[in-house]
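Here the structure comes first, spelled out in C-alpha cells, and everything after it is commentary.
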Amino acid sequence: MTQSLPGFREFYPPECAVKRAIFQKWQQTMLAYGFAEVEAPILEPLELFTDKSGPEIAEQLFHFVDKGGRAVALRPEFTPSVVRMVAARAQGLRKPIKWFNIGEQFRFERPQKGRLRSFYQLNVDCFGLADFSADAELIALLIQLFRVFGLTQADVHIRLSDRNLWFFFLESCGITGQAALDVLALIDKMEREDRAKSLEKFQKCVGDNASVLLTQIEALIAARDLPSLKIALGGALSNPAVAQRLAEWEGLLDTLDAMGVLPFIQIDLGIVRGLAYYTGFVFEAFEVSGRSRALAGGGRYDTLVEKLGGPALPAVGFAIGDVVLTDLLTEKNLLPTCNMTPDFYVVSSGPAERRIALGDVQILRAAGFWVEYALVDTGFSKQLKLADQAGARHALIYGESELAQGLVKLRHLGTRVESDVPHAQLKETLSTLSSSHHA
RNA sequence: GUGGUUGUAGCUCAGUUGGUUAGAGCACUGGAUUGUGAUUCCAGGGGUCGCCGGUUCAAAUCCGGUCAGCCACCCCA
C-alpha cells in the first residue's frame, strides 16, 4: 500500500480531536484580543517567497511548474501572503490592522523532533503601529496563548531581544551594513557553537578586533536586566539614539509588568532571529529548560511591507507552530481534547419501541445533543453494552411497560442510577442536565 | 544534503547457534446472555517478518541495496 509522504501526518480521530481543541483555544484567544481571522491561498507563485527570502529559499520549498506553466510553491509561511493582502488595501483599512490565520505550512526539510514537512501555524500580525505598545500587546497575547493550555512561567518563557540595540552597538564598533547583518547571523549561532569556533568566524568577519568584540558581545548576551545591559553597551551609550531606545525598553517592560506577564520575560540579547528583515524587538518562546526548539518566534519588521511593494507600514508579528507545542503539552500532560463521547445512547426493547425511539433520536439531535443508537437492531443487553463502549453518559431506555405509562427511562451509565422522564417532555427535561448540551 | 539508529499483526513486543504450517498480550469481530452494560468464558479474522536482491539444501534470523520511522548535524521563515 502506498504510504503517506515523509514529514506528513495522518490524524486519526483522537489526534484530530486534539488538533481541533488546540485550534479552538487559539481562535478563542485571538478573538478576545480583537484580532480578525484572514485566509490566503496555500499554493502561491514561487516568486512571492523568493522575493522575500531570496532564490535559495526554493531549496526548502515544495515547488513545481503547474499545468499552466506557472512556477508555484506550497506556502512555507504566512507572512508574504498577509503582507500582500494588507498592502493591497492598506489605504482603506483602519489602523492598527490586527489579523491572524491558522493554517497548514509546508517546508521541504528533513523531518526531526519538533519539525515536520507539513505543520500548522497560528500566524499573528499587527500592522500600522510603530509604538512599542503593539509589541507589548503581541507579547502578552503570546503568553496568554500558553496560559490557556495551563502552561505557566514555570513551563515556558519569552526570551526578549532587540535588533536595534545590536545595530547601535555594532555601529559604535564601526560595523555597519551587511557586515552588521553577518555578525548578527554569527551571534545567532553562538549558542550552539563552541567559543573557539565562534571566535574564528568573528575573525573572518571583522578581523583583529574579534577577540575584544566577542567578549563585549558575550557581556551583552549575558545581561538579564537593563542596568547590566547599559554597562555592556559601553561606548554605544554616547549615542543619543541608544538612550532613547533604552527608554523604549523601559516602557515596554513597564507595560508588560502592568499586563502581569513580566514573570514570563527573560531579557536575552542572544536571540536575534536569522532573518534580515527584523528591525526592532524580537522574541522567541521556549520551554524553560531550553532543550527543545522554539515554541514560537516573532518580532518587529517595519520595512518589509514597503520592501515587498506595499506602502510604508510598520508591523510586528509572530507565529506559533503546532508540532513543538503539542510535544510540550503531551510531556506536561496538558493536552486538551474535544469531547468524543455521546450524550445519550438510545436503547429500545422491541420493534414498536424502536420506531418511537428513532423519531426521538432525530428530535434530540436537532436540539444539539449527541445521540447514538444501535444502527443494526440487536438484543437489549447488547445495546447497553454498546452504550457503555461508546462512552455515553446516559442511556435512554425505550421499554414496553415504560412507554405504556408515557415514560422513558434515563440511566446514568457511570452511577447506574435510573429515573423516569415523561416522554412528552423528553427534550426539555434532558436540556436541564447540565454540561451535556452542545449548543 | 550528511551521519547514527530502528523496521515481525491495528498497538506493545517475543521468536534459541539460520531448521517444519511465525507467536503472545491488548485491540477488533461474532457468540454464551430475547429487559440492564465492569469482569468472565468460547470462537474468529488479521502478518509474503518494510521492500528488492545475494549467500545457503534451508533466511524473520547472515550480507548488500533501497524505502520508511526516530535522533542529531545543516537550516530554521
Side-chain angles (χ1 to χ4, degrees), chain A residues 1-10 12-14 44 48-54 56-61 73-83 105-117 119 121 123 125 185 188-189 191-193 197 271-278 282 284 291-299 301 304 308 317-321 323-324 327 345 347-351 353-354 374 376-404 409-418:
Chain A
M1 207 191 315
T2 309
Q3 46 193 356
S4 65
L5 291 166
F8 284 75
R9 289 169 289 179
E10 291 175 311
Y12 284 84
E44 291 274 19
L48 181 69
F49 306 114
T50 52
D51 282 356
K52 179 192 169 227
S53 310
E56 320 80 50
I57 196 70
E59 293 302 312
Q60 324 231 34
L61 301 180
L74 288 170
R75 65 180 182 203
E77 56 166 330
F78 193 71
T79 304
S81 304
V82 74
V83 164
Q105 322 291 338
F106 307 87
R107 297 180 186 174
F108 194 81
E109 299 177 294
R110 186 69 74 89
Q112 56 184 276
K113 190 169 185 59
R115 184 170 82 182
L116 301 172
R117 288 182 170 183
F119 55 95
Q121 271 189 344
N123 190 274
D125 293 285
D188 191 38
K189 286 197 176 61
E191 197 172 354
R192 306 177 290 275
E193 222 165 47
K197 187 105 185 247
I271 297 292
V272 294
R273 315 271 305 153
L275 273 289
Y277 63 83
Y278 282 107
V282 289
E284 292 187 355
R291 265 330 302 157
S292 59
R293 54 180 54 234
L295 286 153
Y301 53 101
L304 186 65
L308 292 180
F318 69 81
I320 174 166
V323 181
V324 181
D327 283 352
Y345 200 102
V347 173
S348 50
S349 63
E353 294 76 28
R354 182 175 164 91
V376 175
D377 199 8
T378 183
F380 190 86
S381 294
K382 191 64 191 291
Q383 290 181 61
L384 273 167
K385 189 170 188 170
L386 290 170
D388 187 50
Q389 289 174 339
R393 261 182 293 280
H394 297 90
L396 275 176
I397 298 172
Y398 286 68
E400 191 177 353
S401 55
E402 289 89 346
L403 282 176
K409 197 175 273 181
L410 177 71
R411 179 180 176 87
H412 190 275
L413 288 166
T415 62
R416 304 188 170 210
V417 173
E418 292 187 340

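Any value given below was found using the heavy atoms of this structure, including those in side chains, with hydrogens, waters and symmetry copies removed. Chain letters run A, B, ... following the sequence lines, proteins first, then strands; residues in each count from 1.
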Can you tell me how far [atom1] in [N] sits from the matching atom in [M], rounded to whole Å?
N: B/rA38; M: B/rU61; atom1: C1'; answer: 43 Å
N: B/rU33; M: B/rC28; atom1: P; answer: 22 Å
N: B/rC73; M: B/rG15; atom1: C1'; answer: 37 Å
N: B/rU34; M: B/rC26; atom1: P; answer: 26 Å
N: B/rA22; M: B/rC49; atom1: P; answer: 10 Å
N: B/rU16; M: B/rC62; atom1: P; answer: 10 Å
N: B/rC11; M: B/rG46; atom1: C1'; answer: 13 Å
N: B/rA9; M: B/rA14; atom1: C1'; answer: 13 Å

To the nearest angstrom, how far is [X] atom [atom1] from [N] atom [atom2]?
X: A/Lys382; N: B/rU29; atom1: NZ; atom2: P; result: 8 Å
X: A/Glu284; N: B/rC76; atom1: CD; atom2: P; result: 11 Å
X: A/Gln3; N: B/rU66; atom1: CD; atom2: P; result: 17 Å
X: A/Tyr277; N: B/rC76; atom1: OH; atom2: C1'; result: 11 Å
X: A/Gln112; N: B/rG3; atom1: CD; atom2: P; result: 16 Å
X: A/Leu386; N: B/rG30; atom1: CG; atom2: C1'; result: 13 Å
X: A/Gln60; N: B/rG1; atom1: CD; atom2: P; result: 12 Å
X: A/Lys113; N: B/rG69; atom1: NZ; atom2: C1'; result: 13 Å

So [X], base contact, sugar-phosphate only, or nothing? Heavy-atom distance under 4.0 Å.
X: A/Arg107; value: base
X: A/Lys409; value: base
X: A/Gly399; value: base
X: A/Arg75; value: nothing
X: A/Gly7; value: sugar-phosphate

* **Ring-face cation contact, A/Phe108 with A/Arg117, 6.0 Å cut, 45° max** => yes

* Kindly say whether, by distance alone, the side chain of A/Arg110 makes a donor-acceptor pair under 3.5 Å with the base of B/rU2? => yes

* Would you kindly check whether a donor in the side chain of A/Lys385 faces an acceptor in the base of B/rU33, or vice versa, at under 3.5 angstrom? =>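 For A/Lys385, whose side chain was compared with the base of B/rU33, there is no donor-acceptor pair (under 3.5 Å).
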
Would the number of heavy atoms belonging to other residues, nucleotides or ligands and lying under 6.0 Å from [atom1] of [X] be above 12?
X: A/Glu59; atom1: CD; answer: no
X: A/Gln112; atom1: CD; answer: yes
X: A/Glu400; atom1: CD; answer: no

* A/Arg416 side-chain N/O to A/Arg411 backbone N/O, donor-acceptor pair under 3.5 Å ->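 Not confirmed, A/Arg416 side chain does not pair with A/Arg411 backbone.
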
* **A/Ser4 or A/Arg273, whichever maps to the more 5' nucleotide of RNA chain B** =>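 It is A/Ser4, whose closest nucleotide lies nearer the 5' terminus.
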
* If each of A/Asp388 and A/Arg192 is mapped to the nucleotide of RNA chain B with the nearest heavy atom, which maps nearer the 5' terminus, i.e. the 5' end? ->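 Result of the comparison: A/Asp388.
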
Looking only at side-chain atoms of [X], point me to the closest of [options].
X: A/Arg115; options: B/rG35, B/rA38, B/rC74; value: B/rC74
X: A/Ser381; options: B/rU33, B/rA38, B/rA77; value: B/rU33
X: A/Glu418; options: B/rU36, B/rG35, B/rC76; value: B/rU36
X: A/Arg293; options: B/rA77, B/rC75, B/rG35; value: B/rC75
X: A/Pro6; options: B/rC75, B/rG37, B/rG69; value: B/rG69

With both distances kept under 3.5 Å, what pairs with [N], Watson-Crick or G-U wobble?
N: B/rC73; result: B/rG1
N: B/rA24; result: B/rU12
N: B/rA43; result: B/rU29

* Before accepting this row, confirm whether a basic side-chain N of the pair A/Glu44/A/Arg75 lies closer than 4.0 Å to the acidic partner's carboxylate O. =>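 Here A/Glu44 does not pair with A/Arg75 in a salt bridge, since their nearest N and O are not under 4.0 Å apart.
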
* Side-chain heavy-atom pair A/Thr378, A/Gln383 within 4.5 angstrom cut-off ->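 Yes; the side chains approach each other to less than 4.5 Å.
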
